[in-house]
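Here is the naming used below: chain letters follow the sequence lines, and residue numbers restart at 1 for every chain.
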There are 2 protein chains.
Amino acid sequence: MKSKSNHTKSFMIYEELVEKIQNGTYQPNTKLPTEHEFMQQYEVARGTIREALQMLYQNGYIQKIQGKGSVVLDIRRKYNFPITELVSFKQIAKAMGGTSRTILQELSLIKPDAFIQTELNVSTAAEIWKVVRTREIDGEKIILDVDYFNKQYITFLTKEICEDSIYEYIENELQLSIGFAKKEILVEEPTEMDRTYLDLEGFPNVVVVKNHVYLEDITLFQYTESRHRPDKFRFVDFARRFANYSYPNM
Amino acid sequence: MKSKSNHTKSFMIYEELVEKIQNGTYQPNTKLPTEHEFMQQYEVARGTIREALQMLYQNGYIQKIQGKGSVVLDIRRKYNFPITELVSFKQIAKAMGGTSRTILQELSLIKPDAFIQTELNVSTAAEIWKVVRTREIDGEKIILDVDYFNKQYITFLTKEICEDSIYEYIENELQLSIGFAKKEILVEEPTEMDRTYLDLEGFPNVVVVKNHVYLEDITLFQYTESRHRPDKFRFVDFARRFANYSYPNM
DNA sequence: AATTATTTGTACGTATGTATG
DNA sequence: GCATACATACGTACAAATAAT
């Protein structure tokens, strides 16, 4: 999972601590070194350490307890699944282990119909890339991804890019920074497309994840529907009660 | 949505800005005042303003763009639904408007079976509150909530509390601070319980949200299954690509 | 039971870097 | 090149919660 360059001290410390939590250097339910110890270890100001710890906190790696210290959580380890982050299928497949394959069913430039005009907020004149891909895991076609990209921002696409990772291409080749996405999870009846491209095995509905994806400058460039066979669908989320807004500092 | 006291300057500023975004004082796709202007307006240090803005950013209210400013997003307004936060049904029902009702089907103290022992990480000796509630919206029973509370932490429950809001009771009466939760969304076949307590109308499966809820001191005190009729299920999530770890400051 | 030390939380101020216009 | 605005980092002080004396 790489993206734009982030060579700040706090981010590098964060990455190092994530690594040490994942490889067991810091064990679940034990305390991390104190902020003061980290200060000396990394020779940075306390605020810098607190930023790194805040990222760990925000992403569910640790719990910070005032007066006590930071405790390593094992939630990530227990559910080794991408938790509420924007990740591509390639990353998920890699994390899950099993054999996976992407089959490109369609790659075309289209004029947006009324639905796509609304979802991508474009006029009839716009040009849109339509990408249809089947995701096969352990020999079963269980996910159908239908993507629509605004050609104004994603100017060029090829079969090879779609079969690898479009996100990697967007961030590394096109040098665009993906900012955020709004996800919506629903259950729908299978469409004709679902029936042809998925191994539905008689399941009477599909779980649909609808995604609007924005760049960092707030331009909406992608609308995606990820259509899952219900028995294979799983979504894991980590939520804090108040995103306990204790922020680093100063 | 209230919880533990948070009277910090940055949090109060955050709340005030949320209010102003929601009531339209700050319009979507326009820029907020600069950090410098906020500094003068609130007579606080820049870091304090940046903390407040960071909370807005993290929760999808604004996008921060270096060199330009902070732009108000309309994602929250478009999907007026609790976005990836720990919220109780009472809050959701209130936000949705329509008529809603909670029916308490069962409230009992039980000894945990093998499944609950695993999910709540307790021994056979523990005592567990079991709460079964039906959620009715516009006259249809579409959600079945099955909660298990560790009596060690939630010592006392009544019919009235369960029919109102257990979360309010936990936070306001018991003065416990809820820390975080791990959610998992799956699709399952209806159980006998689902069939008796839900208006399933022939739907062959239910969407199940499994929830492990922890206090701020990391004690696991609740396991919940929220079982939804699939046609009425909807989950909205806001995700940042890298939770762009720019933190306030210093 | 009261005090002190430790550890995290909030807030202030300053300096410099980087992106935008 | 310059001004503006956000980003990162340093340092200091004190508050609040916890743990140890």
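In this structure, Glu37(B) places its CD atom 12 Å from P of dT4(D), rounding to the nearest Å. Between the NZ atom of Lys9(B) and the P atom of dA13(D) there is a distance of 18 Å, given to the nearest Å. The NE2-C1' distance, from His7(B) to dA16(D), rounds to 14 Å in whole Å. Atom CD of Gln40(A) is separated from atom P of dT6(C) by 13 Å (rounded to the nearest Å). For the pair Met39(A) CE and dT6(C) P, the computed distance is 15 Å after rounding to whole Å. Here dC6(D) presents its P atom at 8 Å from NZ of Lys31(B), a figure rounded to the nearest Å. Taking atom CD1 of residue Ile49(A) and atom C1' of nucleotide dT10(C), one finds them 18 Å apart after rounding to whole Å. Between Glu35(B) atom CD and dC6(D) atom P there is a gap of 4 Å when expressed in whole angstrom units.
Distances shown here put a side-chain N or O of Arg50(A) below 4.0 Å from the OP1 or OP2 atom of dG9(C). When the side-chain nitrogen and oxygen atoms of Ser10(B) are compared with OP1 and OP2 of dA11(C), one or more of them lie within a distance under 4.0 Å. Applying the 4.0 Å criterion to OP1 and OP2 of dA7(D), one finds that Lys64(B) has a side-chain N or O inside that range. Contact between the side-chain N/O atoms of Lys68(A) and the OP1/OP2 oxygens of dA19(D) is found at a separation under 4.0 Å. Of the side-chain N and O atoms in Thr8(B), none sit less than 4.0 angstrom from OP1 or OP2 of dG9(C).
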**Request:** Dump the intermediate steps for side-chain contact (heavy atoms from CB on, under 4.5 Å) on Gln54(A) and Lys64(A), then the final yes or no.
**Result:** CA-CA 9 Å; Gln54(A) 189 61 25; Lys64(A) 307 179 76 175; 3.8 Å; yes
**Request:** Test Leu17(A) against Ile62(A) for side-chain contact (heavy atoms from CB on, under 4.5 Å), laying out the working first.
**Result:** CA-CA 10 Å; Leu17(A) 295 181; Ile62(A) 62 170; over 6 Å; no
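The CD atom of Gln58(A) sits 4.0 Å away from the CD atom of Gln58(B) when rounded to the nearest 0.5 Å.
The closest side-chain donor-acceptor pair between Asn211(A) and Gln222(A), if any, does not fall under 3.5 angstrom. Using modelled atom types, one finds a donor on one side chain and an acceptor on the other under 3.5 Å when comparing Tyr42(A) with Glu16(A).
Residue Leu53(A) is out of contact with every strand shown, counting any heavy-atom pair closer than 4.0 Å.
Under 3.5 Å, the side chain of Gln66(B) and the base of dA7(D) form no donor-acceptor pair of N or O atoms. Residue-to-nucleotide contacts include a donor-acceptor pair under 3.5 Å from the side chain of Arg46(B) to the base of dA7(D).
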